[in-house]
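See below for the structure under consideration.
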Amino acid sequence: MNVEDKKTSKILLNELLDRHYKEAEEAKTRGELVAWATSIAPQELLTTMGIHTVYPENHAAAIGARKCSQEFIDYSEAKGYSVDLCSYARVNLAYMETLNSEAGNIPKPDLIFCCNNICNTVIKWYENIAKELEIPMILFDMPFNHQYEVNDQDVRYIKAQILDAIDRLEAITGKKFDYDRFGEVMRVSSETSVWWKKAAMQARHIPSPLNGFDLFNYMATIVCARGTEEGRDLFKLWYEELKEKAEAGRGPWKSGEEKYRVMWDGIACWPYLSDTYKVLKKYGINMVTSTYPDSWYIVYEENDLDGMARAYSSNYVNRNLDFGVDNITKLVEDYRLDGIIYHSNRSCKLMDFRQFEVQRRVEERTGVPSVIFDGDQTDPRAFSPAQYETRVQALVEMMENRKGEGR
Ligand code: SF4
């Protein structure tokens with residue numbers, strides 16, 4: 001076995017991310033096109049065209065995790081951007097001007113690729129970038145699913161936009177769109193999503209071999225490498241590592257027992273990733289699943305544009321309240337959860353505005369206790385470590401009482 005074979009998925013993950021940023025910088029230097037895309041956009045079109053793609057939300061999260069988001073936020077707010085604007089946008093709109101961060105750099109874009117299946121904030125945020133930099137923007141308008149399932153009319157509407165985007169990409173690049181290559185990228189993208197999900201599902205074992213905070217770490221790669229073979233192979237390797245660990249009966253940590261299994265609703269608090277993790281571990285709580293990473297389970301058949309349109313409109317933030325409640329109820333059952341932690345994320349209005357009602361209905365149906373804490377994905381001012389720990393302690397008390405009642 002050579003050294004290469006011995007690399008763990010964690011090592012490969014870091015290498016892949018480094019390469020992702022480096023290759024985009026090199027491409028820009030060579031004069032090739034670089035796109036900035038939202039995190040759940042049909043990247044398959046850009047990958048097919050050989051356009052290097054980077055993801056401002058990913059990059060802002062990395063800046064947050066490196067604890068340097070505040071300076072970007074201050075810069076944006078000094079320019080007049082409201083404190084109520086999503087902090088990813090405030091970080092990125094500042095970065096667009098400074099193009100320099102300790103968390104690594106993404107090159108200035110030549111093209112904006114925006115999909116509003118996550119929220120409508122991205123429309124104005126990305127439109128603003130396109131306008132200020134005087135570059136083209138391709139927008140995919142994905143209607144919110146007020147009905148339970150994505151309806152056929154919306155599928156036709158989204159598919160028409162995919163076809164229109166292909167025409168626009170041909171005009172922008174002066175190259176013909178290669179449908180054979182497109183089929184291949186579609187296949188790889190779907191396979192990557194499947195391995196990502198299979199790895200995440202290993203947390204159903206008791207104890208879970210997966211420390212759920214790793215979902216947040218690996219998420220950077222499912223965003224930026226979904227259409228690549230190396231991304232797919234990384235998640236397959238991660239799945240195999242976790243499966244082996246589960247078969248050996250090993251839990252999430254080298255020391256300490258998994259006493260409670262919880263779900264985390266929403267985005268991580270990136271500036272406090274390690275703090276939030278350590279508080280849970282202190283009480284023996286393993287975050288085994290989350291609503292958020294499932295958003296990259298984007299699966300369809302090769303060359304099936306209807307399926308692709310449907311898949312991109314199906315992520316849970318684009319689905320109605322009933323779906324949101326059913327989704328979490330199922331996670332409670334599938335992962336045999338003891339509790340739920342809801343992150344009331346100041347940035348993300350769409351994810352949060354229905355959170356209290358989701359909490360009420362899920363608790364009514366499952367009896368599983370939950371708490372809500374205040375925070376933000378990248379604005380460090382919105383999080384209070386003391387409040388977080390107090391909420392976690394309250395959850396431990398409720399979970400313990402429930403266990404005492406034999407449930
Ligand atoms: S965090 Fe929420 S508001 Fe911000 S870009 Fe993501 S989905 Fe939109």
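Remember, it's 1-based here, ligands and their atoms both numbered in the order they're listed.
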Look at Cys348 and state whether any of its N, O or S atoms is less than 2.8 Å from atom 2 (Fe) of ligand 1. yes
**Q.** Under 3.5 Å: donor-acceptor pair, side chain of Arg90, backbone of Phe72
**A.** no
On a heavy-atom basis, the closest approach of Val317 and Asn117 is CG2-O, 3.7 Å
Is a donor from one side chain sitting under 3.5 angstrom from an acceptor on the other, for Asp275 and Tyr388? no
Are Glu405 and Asn401 close enough that a side-chain donor and a side-chain acceptor fall under 3.5 Å? no
If we number the atoms of ligand 1 from 1 as shown, the ones under 4.0 Å from a heavy atom of Cys119 are 3 (S), 5 (S), 7 (S), 8 (Fe)
*Got a sec: is Cys86 within less than 2.8 Å of atom 4 (Fe) of ligand 1 via an N/O/S atom?*
yes
- Message: I'd like to know whether the aromatic ring centres of Phe373 and Trp264 sit less than 6.0 Å apart in this structure.
- Response: yes
Trp125 heavy atoms within 4.0 Å reach ligand 1 at atoms 5 (S)
Logged contact type for Gln377 with ligand 1, heavy-atom cut-off 4.0 Å, is side chain
Within the 4.0 Å heavy-atom cut-off, what Ile267 brings close to ligand 1 is side chain
